[in-house]
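When a ligand or atom number is given, it counts from 1 through the structure's own listing order. Sequence positions, counted from 1, serve as the residue numbers for this chain.
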Amino acid sequence: MKMNSFSRVGFILAAAGSAVGLGNIWRFPYITGEYGGGAFILVYLLAILFIGLTVFLAEAVIGQSGQSDVSTSFVSLSKSKNKNWKFAGFMVATGLIILSFYSVVLGWILDYVITSFGTLPTEAKVAGGNFENLITNDIGSLIVYHTLIAGSVIFIVLKGIKEGIEKINLILMPLLGLILFGLLMYAFTLDSFSQAVSFMFTPDFSKIDGDALLAALGQAFFTLSLGVGTILTYSASLPKEANFVKSSFMVAIVDTSIALIAGLIIFTYLFAAGAQSAAGPGLVFISLPVIFSGWGTLGNVIAVSFFLALIFAGITSAVSMIEPSLRFFIERFKMTRQKATILCGATFYILGIVALLSMSKSFGAELTFFGKNAFDIMDFMSSSIMMPIAAIIICIFLGYFVDKELLEQKFTKHTSSAVFHTWYLLIRYVVPIAIIILFLNKLGAI
Ligand code: PFF
């Protein structure tokens, strides 16, 4: 086996590590809460199955066939070998942009790991004040945290696929599973567990409107790490004969299970204290600490474990965001991994500093453009513009510019031709249309 390629298990673990992140444990529960639970989850599951998984398989087949960076793989797989497909490589930049603010958010969480050893806030007002103070005032700490997170990401990816990425996933993913298992077991013992189950699994379709559908679709993309070239780049390190179809299904199953488990844990805890499910993005930073404070020392243990789980999940996602651009510079500019890491690492580190300063009281005004601060601009540019554009390009590319027989051959080596034909139909028509609707809506055109 090549030094810098995954084993099949390593690939599944690393791709699952990429998929399982803040999107599952922080974002999924709060948007599920906002859209009223059961019906939203049902729509989300359908979005994962028919749309997310389709694009996941698409990135996997391009990556595994190309065995190179995003640009090179697109060109080599295209029917005409048209060199212009190299421009699809733009999507690797998205990972760096997401990583900039993702690292800042992981920094906030690091602060929560540390402060959870001390006295927890007993009132929502105090918890809200703490959170606000951290992100708008405490620039010194935020820079230290961001530096620690960015430094760890850089340290891991410098070691390469096998020694860095595969290894860290081998360590952190089981630890994450263990912590979540513990938190779930505790949730089982609480009376509110059944309330959480019925909130999450009793669909009330009156809550579903266009916004909910789009939120479910957006979440499906984000949680499966699609439209950034991450899955494509990881698949390029997958042995050529490995079963990418089965691996893709497994990653989607792991990712979805963890989102559901995180939801069960968080809603059980929230309902135990009679708290609201629709607390928005502050749900884990404001509502949860107050609940934990009511549980005495056990509350501290649970708080520390919970925020550590978020860090572990987030780090394995963070390393996957930088890898597409590293591979791009290594393959196309013949850079060494060290050089590429310094270049990409410095870029996201500096952008991260800009993002964190833009939330502060002292520098916010200078770093706000068109009514949005730099943090929100990076979030909006990446998840609302660049990710959907990349996803559309991936669909159009495979649906119309790659030899159908070749794709059929690759799929049917591992699965039935019915699965292939369903996938092909989805990639040509259903998914691009769904994404275009999502995209236009995000731009406010609908
Ligand atoms: N899937 C990650 C999460 O759910 O937190 C986020 C993510 C990772 C998005 C990697 C994009 C990416 F390339």
For W26, is the nearest heavy atom under 4.0 Å from an atom of ligand 1?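 Per 4.0 Å heavy-atom rule, W26 does not contact ligand 1.
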
Among all protein heavy atoms in this structure, tell me which lies nearest to [atom], with the distance rounded to 0.1 Å.
atom	answer
atom 5 (O) of ligand 1	Y102 OH, 2.6 Å
atom 12 (C) of ligand 1	S225 CB, 3.6 Å
atom 9 (C) of ligand 1	F222 O, 3.7 Å
atom 13 (F) of ligand 1	T230 OG1, 2.8 Å
atom 2 (C) of ligand 1	S18 O, 3.4 Å
atom 4 (O) of ligand 1	A19 O, 3.0 Å

R337 and E323 ion-paired at < 4.0 Å: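 Yes, this pair counts.
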
Of all the atoms in ligand 1, which lie at a distance below 4.0 Å from a heavy atom belonging to [X]?
X	answer
T223	1 (N), 4 (O)
S320	10 (C)
V228	11 (C), 13 (F)

What do the steps show when you test R27 against L22 for side chain to side chain contact (heavy atoms under 4.5 Å, CB included), and what is the final call? CA-CA 6 Å; R27 198 164 182 273; L22 304 183; over 6 Å; no

Could you say whether the N/O atoms of M387 and ligand 1 ever approach to under 3.5 Å?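 For ligand 1, there is no N or O atom that lies under 3.5 Å from one belonging to M387.
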
Please report whether ligand 1 has a polar contact with L22, defined as an N or O pair separated by less than 3.5 Å (distance criterion only).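 By distance alone, the answer is yes.
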
Tell me which one of Y145, F307, W26, F131 satisfies ring-ring contact (aromatic ring centres under 6.0 Å, His included) with W108.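 Single ring-ring contact (aromatic ring centres under 6.0 Å, His included) partner of W108 among Y145, F307, W26, F131: F131.
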
As a test of understanding, state which of F199, Y30, F28 forms a ring-ring contact (aromatic ring centres under 6.0 Å, His included) with F267.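 The residue from F199, Y30, F28 that satisfies ring-ring contact (aromatic ring centres under 6.0 Å, His included) with F267 turns out to be F199.
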
Any chance the rings of F411 and F244 have centres within less than 6.0 Å?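 They qualify: ring centres under 6.0 Å apart.
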
Do F333 and F329 make the cut of ring centroids closer than 6.0 angstrom?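 Ring centres of F329 and F333 closer than 6.0 Å.
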
Quick check: does any side chain N or O of T230 sit under 3.5 Å from a backbone N or O of L226, one acting as donor and the other as acceptor?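 Pair absent, no side-chain N/O of T230 close to backbone of L226.
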
Parallel, tilted or perpendicular: which one describes the rings of W423 and F420, with boundaries at 30° and 60°?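 Taking F420 first and then W423, their aromatic rings sit tilted (interplane angle of 30° to 60°).
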
